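So you know, we letter chains A, B, ... as the sequences are listed, proteins then strands, and number each from 1. None of these values were measured; they are calculated from a predicted model.
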Amino acid sequence: MSTHEDVLSSENLPHEPEKATLEGKNKFLGFWFFLGGETVLFASLFGTYLALKNSFGAAEHTTPSQELFGLELVFIMTMLLLTSSLTSVYAMYHMKNHDFKKMMVWLGITVLLGAAFLGLEIYEFYHYVHHYHHTFTSSAFGSAFYTLVGFHGAHVAFGLLWIITLMIRNARRGLNLYNAPKFYVASLYWHFIDVVWVFIFTVVYLMGKVG
Amino acid sequence: MSTATVGKRSFGAVVWDYLTTVDHKKIAILYLVAGGFFFLLGGLEAMLIRLQLMAPDSELIGAQFYNELFTMHGTTMIFLAAMPLLFALMNAIMPLQIGARDVAFPFINALGFWLFLFGGLLLNCSWFLGGAPDAGWTAYAPLSVISPGHGVDFYALGLQISGFGTLMGGINFIVTIITMRAPGMTYMRMPLFTWSTFVASILILFAFPALTVGLFLLTFDRLFGANFFVPDMGGNEIIWEHLFWIFGHPEVYILILPAFGVFSEVFSTFSKKRLFGYSSMVFATVLIAFLGFMVWAHHMFTVGMGPIANSIFAIATMAIAVPTGIKIFNWLLTMWGGSIRMTTAMLYAVSFIPTFTLGGITGVMLASAAADYQYHDSYFVVAHFHYVIVGGVVFGILGGLTYWWPLMFGKMLNEKLGKWTFWLFFTGFHLTFFIQHFLGLMGMPRRYWKFLEGQGLETGNLISTVGAFLMAIATFILLYNVIITTVKGKKSPADPWDGRTLEWSLPNPTPFYNFKQLPLVRGLDPLWVEKTQGNGKMIPAEPLDDIHMPNNSFLPFTISLGLFIAAFGFMYRVDAGFPAYVAIGVGLAITLGSMLIRSVKDDLGYHIHKEDLEKEGAGE
Amino acid sequence: MKGWMGRFRALFLLSSLALVLSGCGKPYLSALQPKGEGADMIYDLMMLSVIIMAFVFLVVMIIYTIVIVRFRQKKGQEDFVPKQVEGNHLLETVWTVIPIILLLILAVPTVQYTFALADTTPETEDGEPVEDALWIDVTGNQYWWHFDYRDLEIQTSQDLYIPTDRRVYIKLSSNDVIHSFWVPSISGKMDTNPGKNENEMFIHAYEEGVFWGHCAEFCGPSHSLMDFRVVAVSPGEFDEWVADMQAVDPEAVPENPVAAEGKDLFQENSCLACHAIGSSPAAVGPNVTSFGDRSKIAGILPYDKEHLVSWILDPEQHKPGNLMTGKYPMPSKEDAEKIAEYLMSLQPSDIGPDDAEDGEYIQPKPKEETEAEGDEAEEDTNEE
Amino acid sequence: MAKDTNSNHADQYYKAKKKEEMKHQVITFALMIVFTIIAFGLVIGEFDKLFVFPVLLVLAAVQVGFQFYYFMHMSHKGHEFPALMIYSGIFAAILTILALTTITWV
Ligand code: HEA
Ligand code: HEA
Ligand code: CUA
Ligand SMILES: [Cu+2]
C-alpha cells in the first residue's frame with residue numbers, strides 16, 4: 001500500500017488518475033449522484049417555467065416570449081457554451097495523458113468561453129429589463145424566466161470560480177492523484193451545465209419563440 | 001495519535017473535539033443529541049396543542065400562537081427530530097454493518113450535520129423574533145406568501161439550510177455503501193438496515209431538490225417580490241403544492257424505510273432467526289421507494305385535479321400496500337418458529353406491527369380518492385399519519401436506540417425502566433390517536449384552533465389529550481433512564497444481545513478506526529455465520545497495516561454558521577437596511593471563505609501506524 | 001347511484017362495525033350519517049374499504065397472536081437455536097397476490113365514484129341536459145362564505161339555501177387564500193382556489209335540514225371559525241325563498257323606528273361599504289340581505305342580539321384576524337344595538353332555518369313540463 | 001496502486017484508445033453543432049408548431065445523450081451507478097414536468 005504523501009507526487013500516474021484512489025472514486029461517484037439530484041432540481045424549475053410561461057395576470061408589462069426573445073444572441077451563447085464543453089473534453093483528454101500543461105491551457109480556454117457566455121447572458125437580462133420592462137417582479141412569467149435562466153447562470157458562475165480556483169491552486173505543482181479527481185469532477189460539472197443549457201435554449205428560447 | 005488521547009481530557013477539549021469531529025460515530029452522537037432536543041421541543045409543542053384541544057371553545061392559547069405551534073410541531077418533528085434521529089442511527093451503525101472504517105466523505109458528513117443544526121436553530125429563532133411560521137408544515141401558498149412578519153421566512157430559509165445538510169448526508173451514505181463495503185459484503189449480504197439507509201438516501205437525493213426549488217420560489221415571492229404564487233400577477237399557487245408533495249411524499253418513506261430497517265434487525269436478532277424472505281424484503285424496499293415517487297398527488301385529491309388524475313394517483317397509491325404487506329408478513333414469519341426474547345427493543349418492534357398495519361390500512365382508505373373527499377384535512381388524516389409516524393418511525397427510533405445503545409455508548413439502558421417507557425408510551429399513543437379517526441369522520445377538520453361546543457367532539461378530544469400526557473410521562477422516564485444509566489451504568493459486554501450482524505463483532509468501546517483489520521464476510525448475518533460455523537470471531541480479510549484516517553476540521557461549522565448569519569441578513573434586508581446587508585456580506589464571506597480554505601488547503605488525513613495498532617491489540 | 005354497491009352494502013350493513021360507526025357524531029355534521037348523495041356514495045365506499053381493511057387487520061392479528069403466544073423463548077431453552085429459514089415461495093406469492101386482489105376490489109368502485117362525483121354536467125337520468133339547473137358560485141373569503149345564485153340574482157352569505165329535490169351545482173373559487181368547502185353530512189370537500197383554478201362539484205341533500213359546513217383547508221387564524229350552514233328546504237319552500245329574495249328592496253325602511261335608525265347608522269358607520277343588502281355583487285364582507293334569518297352570527301356565534309352587538313363592537317374577540325376589525329368607525333354601544341335591531345329585522349323571506357327543520361315537505365308549484373329528475377329524487381327521499 | 005503496468009505495450013494501447021475516443025468526441029461535437037443549427041433553423045423558418053416542437057425536443061434529447069455518453073463518458077465501464085442515477089433523475093424529472101404542465105391547470 002502506498003503512503004499517503006504519494007498522492008501529491010506527479011510521477012507514475014495511472015491511466016485514470018481521477019479514479020485511482022478510493023477518495024477519487026468516491027468523489028467521482030458522489031458527484032454523479034449529485035448531478036442526479038440536480039436533474040430533479042432543474043426539472044422542477046423547468047416545470048414551473050412551463051406552467052407560468054404565458055402567465056401575466058394583471059401585470060403592467062406583458063411582452064410575450066415570442067416578441068421578447070432574440071435568437072441571434074442565444075445562438076452565439078449556445079455556440080460558446082457548446083464549444084466550451086468540447087474544450088473541457090480536451091482538457092480531460094490531456095489529463096488522462098498526464099499532460100498537465102495542455103490540460104491547463106484547455107481549461108483556460110474553457111473558462112474564457114464560459115465567461116463570455118456569462119457576459120452575454122448578463123447583457124441579455126439587462127436588455128430585457130431596459131427595453132421591455134421584463135423584470136423579475138413584473139409578472140409570474142418574469143419571475144419564472146429569471147429564476148430558471150438565472151439558476152443556470154449562477155451555476156456557470158460557480159463553475160467558473162471553481163475551475164479558476166483549481167487552476168490557481170495547482171498551477172505550480174502539476175497533476176497528481178489528489179487533484180486529478182477534482183479536475184475531473186469540475187469538468188463533469190461543466191458538461192452538466194451544458195446539458196441544462198441545451199434544454200434551456202430548446203424549451204425556453206426556441207419553443208418560446210414559436211409560441 | 002491513538003491511545004495517548006484516551007486519558008481524561010478537559011471539558012473544552014471535548015467540546016472542541018465534537019465541534020471539529022469527522023468521525024461518523026461522534027457525528028451520530030451529535031445527531032442524537034440535537035435530534036433528541038428537537039424531539040422534546042416538538043413534543044412540548046404537541047402537548048400545548050393537546051392542552052388547547054382538551055376542552056371545547058378553549059381560550060387557553062391564542063389562535064395565532066396555536067397556528068405557530070402546530071406548524072412548528074410538524075416541521076420540527078419531521079425535519080429536525082425524526083430525520084436527524086434516523087441519521088444518528090445510520091451514522092452510528094451503517095458503516096459498522098458493512099465493515100467500513102469510515103464513511104466516504106467524512107468532511108461532508110460533518111458539514112451535513114452542522115447545516116442541519118444551524119438550519120434548525122434558525123427556524124427556532126423565530127419564536128423569539130416576532131413569531132414562528134404559521135402556515136402549516138405544508139406552507140401552502142398563497143397563505144404562506146401573505147403571512148405577515150418573518151415567520152415563514154424562517155421556515156423557508158431554515159429548511160433550505162438544513163435541507164442542504166440532509167442532501168449531503170444522503171449522498172455520503174450512498175457512496176459509502178457502494179464503495180466502502182468490506183471484502184465479501186456483497187449487496188445481497190447487506191443487512192436490511194443498511195439497505196434501507198441506501199434506499200432512503202436515494203430518495204433523499206431525488207426528493208429534496210424539489211423542496212429546494214419550492215423553498216426558493218417561496219423565498220423569492222416573500223423577500224424579493226417574485227410572483228410565482230400570486231394569482232393576480234399570473235402566478236399559480238398549485239405549483240407549490242406539487243413541488244411540496246413531490247418532495248413530501250417520498251419524505252414519509254425516507255422516514256419509514258430506515259425504521260423498517262431497524263425492525264428487520266431487531267426481529268431477526270431477538271427471534272434468533274435469519275430474516276425470512278431476505279431478498280423479497282430488499283425488493284419490497286426498492287419497490288416502495290420507486291412507487292413512492294409516483295403518488296404524491298394523493299395529498300391533493302381535493303385540489304381539483306380532475307377525476308382522471310385522481311384515479312391514477314389513487315391506484316398508484318394503493319399499489320404501495322403490496323410491497324409493504326410483503327414486509328409485514330415477512331416479519332411475522334421471521335418470528336414464526338423463532339425463540340422470541342421480549343426485550344425492550346423487541347417490544348417496540350412487536351408493537352409496531354399492529355400499530356403500523358392500522359396506520360397503513362387507513363392510508364389505503366385515504367388513497368381511495370372519492371372517499372378522501374371526506375377524510376382529507378380532517379382528524380382522520382391526523383390519526384393516519386401519527387399511526388404510521390409514531391407507530392412506525394418513533395417506535396423504530398426508540399427501539400433502534402435501545403438496541404444499539406450499548407454499541408454507541410458502551411452501556412445498556414435499564415430494561416425495567418425501558419419497559420415502563422414502552423408501556424406508557426404505547427398506551428398513551430393509542431389513547432391519543434385512535435379516537436382521532438372518529439373525530440375526523442364526525443366532522444372535525446384538522447388545524448382547528450378550537451372546536452365548538454355541542455358538536456359531539458368533546459369526549460374524544462379529552463381522551464386524546466389524556467393519552468398525550470401518558471406519552472409525556474413515558475418520555476420523562478426515558479430521559480431519566482438515559483441519565484441514570486449514563487451516570488451509574490456498568491460497562492456492557494461487547495455483544496449483549498447475541499447479535500448476528502457485523503457491528504456486534506466490534507469490541508466495546510468501538511475503536512475510532514472501527515476495524516483494526518477489515519473483516520471477511522462469508523454470508524448474510526456475518527457474525528452469526530462465524531458463531532455457527534467458525535469460532536465466533538470475524539476472520540480478517542487483510543494483514544494488519546497502517547490505517548488511513550481523515551483530519552478533524554472546524555470548517556463544516558463555519559460554513560454553516562456563515563449561512564446562518566447570511567439568512568438573517570436576507571430576511572431583514574427590507575426592515576433593517578444597512579446592518580442586514582452587512583450580515584449578508586459577512587455571512588457569505590465566512591461561508592465562501594471557508595469553502596475556499598477547504599479547496600485550497602490539502603487535507604490528506606493521517607495514518608495510524610501498524611506498530612501502534614499492535615500495541616493497542618496487546619492491551620485489549 | 002345504487003348499483004351493485006347498494007346490494008353489497010345491504011349485506012354488510014348488519015355488520016356490527018358499520019352500526020357502531022354510524023352511531024357516531026351529530027347527524028347534521030357527521031360523515032358517518034350521510035344525508036346527501038355525495039356523502040352517501042362515499043359512505044358506501046368507506047364501508048367497503050373498512051370491511052376490506054378489517055379483514056386484512058384480522059389476518060395479520062391472527063398470525064401475530066399465534067406468533068407472540070407460541071414462539072416465546074421458554075425457560076431453560078435459552079440455548080435453543082431455531083431453524084434458520086430462508087423463505088418460502090408459495091407463502092410469498094400468496095401474500096402478494098391476495099392484497100392485489102383486495103386492492104382491485106377497492107380500486108374499481110373508487111374510480112367509478114371518483115368519476116361519478118366529478119360529474120358536473122347537469123343531466124337527467126336519460127342523459128338529457130337540464131336547462132334550468134341551479135348553479136351557485138361559491139366564494140371563500142377569510143373567514144366567511146359567499147354564495148351567488150347564478151341567473152337568479154340572489155346573493156347570500158354564510159347560509160346556503162338549497163332545495164332537496166335535485167342536485168345543486170356549485171362553482172368554487174376564492175378571493176384570497178385556499179379554503180375548502182366541506183359539508184360532511186351532504187358531500188365530500190373541494191378546495192376553493194384563488195386565481196384561475198376554479199372547481200366545480202354538486203351537492204344534493206336528500207333530506208330537509210340545517211347541515212353544518214366547515215372550512216377544511218387551513219386559511220389563517222380563524223380557520224377553525226369559518227363555519228357555514230347549508231339550509232336544505234323542500235322544493236316548494238325553496239321556490240318561495242327565491243321569489244322573496246328576488247323581491248327584496250334594499251332601500252326599504254323598517255317599520256320599527258329603532259331599526260330604522262339602525263339603518264341610517266349602518267350607512268353612517270360605513271358598514272355598507274363592505275356589507276351589501278340586496279343582490280349587489282360587491283362582496284368585501286358578508287351580504288346581509290337576509291341577516292334576520294341567519295342561524296348563526298359570523299358563522300359561529302349564537303344568533304341573538306347580545307352576541308350581535310358584541311360582534312359589532314369587537315369582532316376581533318370572536319374571530320381573530322378577521323378582515324372587519326378596525327376598518328370602520330366604532331359605533332357606541334347604543335348605536336350598535338340599533339344597528340343590531342336593524343340587521344335582525346332583515347327578514348325578506350318567511351322561509352328560514354326553521355322551515356328546514358320542521359319536517360314539512362312542500363311540493364314545488366307544478367310547471368308545464370314535469371321534470372323526470374325531480375320525481376326520481378323524490379323517490380329517493382321517501383326511501384330514506 | 002500507482003505501480004500500474006508501465007509496459008509500453010499497454011501504454012500504447014491506452015493512447016490509441018484515447019485517440020479513438022477523442023475522434024468520437026469531435027464527431028459528437030460536430031453533430032451537436034449541426035443539431036443546434038437545425039434547431040434554430042426550424043424556428044427561424046417558422047414551420048408548423050406541431051412539427052417543430054417534437055423535433056426540437058428530440059434534437060435536444062439526442063444532444064444531451066451525446067453529452068452524457070461521449071463527453072461525460074457514461075458509455076465507459078464503471079458508470080453503471082452514474083447511469084442508474086441519471087436515469088432515475090430523469091424519471092423523476094419527467095414526472096415533475098409532466099405534473100406541472102398538465103395537472104396544475106385544473
Ligand atoms: C412515515 C410516514 C408515512 C407512511 C409510511 C405513510 C404510508 C401511507 N400513506 Fe400516508 N401520510 C403521512 C405519512 C405516512 N404515510 C403523512 C405525514 C400524511 C399527512 C401530511 C399532511 O397533510 O400534513 C399522510 C397523508 C396521506 C394521504 C393524504 C390524506 C389527505 O390529506 O387527504 C394519503 C392518501 O392516499 C396517504 C396514504 C398512505 C398510504 C396508502 C400509505 C402506505 O404506504 C401504507 C402501506 C401499509 C399498509 C397497507 C399496511 C400493511 C400491509 C398489509 C398488511 C398488506 C395488505 C393490505 C391491504 C390489501 C390493504 N397518506
Ligand atoms: C415525526 C413526526 C411527528 C411526531 C413524532 C408527532 C408526535 C405527536 N403529535 Fe403530531 N404532527 C406531525 C408530526 C408528528 N407528530 C405533523 C407533520 C403534523 C401536521 C402539522 C400541520 O398540520 O402542519 C402534526 C399534527 C399534530 C396534531 C394536529 C394539530 C392540528 O391539526 O391542529 C396533533 C393533535 O393532537 C398532534 C399531536 C401529537 C402528539 C400528541 C404527539 C406525541 O407523540 C408527542 C410525544 C412526545 C412527547 C410527549 C414529548 C413530551 C416532552 C416533554 C413534555 C418534555 C419537554 C421538556 C423539556 C424540553 C425538557 N400532532
Ligand atoms: Cu377558510 Cu380555512
Ligand atoms: Cu403521501
Can you find a pair of side-chain heavy atoms, one from [X] and one from [Y], that are under 4.5 Å apart?
| X | Y | value |
| --- | --- | --- |
| B:Tyr278 | C:Glu86 | no |
| C:Lys196 | B:Pro231 | no |
| B:Met365 | C:Val50 | yes |

For [X], is it the side chain, the backbone, both or neither that has a heavy atom under 4.5 Å from a heavy atom of chain C?
| X | answer |
| --- | --- |
| B:Leu333 | side chain |
| B:Tyr375 | both |
| B:Ala284 | neither |
| B:Trp528 | side chain |
| B:Glu241 | side chain |
| B:Met300 | neither |
| B:Ser271 | backbone |
| B:Leu275 | backbone |
| B:Phe380 | neither |
| B:Leu332 | both |

_Between C:Ser224 and B:Tyr66, does the side chain to side chain contact (heavy atoms under 4.5 Å, CB included) criterion hold? Intermediate values first, please._
CA-CA 11 Å; C:Ser224 59; B:Tyr66 182 84; over 6 Å; no
In terms of relative ring orientation, are B:Phe276 and C:Trp95 parallel, tilted or perpendicular, with 30° and 60° separating the classes? tilted
In terms of heavy-atom pairs under 4.5 Å with chain C, the winner among B:Asp134, B:Asp498, B:Thr138, B:Leu143 is B:Leu143
Ranked by heavy-atom pairs below 4.5 Å to chain B, first place among C:Ile98, C:Ile52, C:Val60 goes to C:Val60
Given the options B:Phe267, B:Phe270, B:Trp336, C:Phe71 meets ring-ring contact (aromatic ring centres under 6.0 Å, His included) only with B:Trp336
C:Asp314 meets the side chain to side chain donor-acceptor pair (under 3.5 Å) criterion, sequence neighbours left out, with none
If I measure from the heavy atoms of chain B, does [X] come under 4.5 Å with its side chain, its backbone, both, or neither?
| X | answer |
| --- | --- |
| C:Pro194 | both |
| C:Val85 | both |
| C:Lys189 | both |
| C:Met190 | both |

Ring pair (Phe, Tyr, Trp, His ring centres under 6.0 Å) filter on C:Phe181, not counting sequence neighbours, yields C:Trp145, C:Phe228
- B:His376 vs C:Glu217, side chain to side chain contact (heavy atoms under 4.5 Å, CB included): CA-CA, chis, key distance, verdict: CA-CA 9 Å; B:His376 178 70; C:Glu217 182 60 62; 4.0 Å; yes
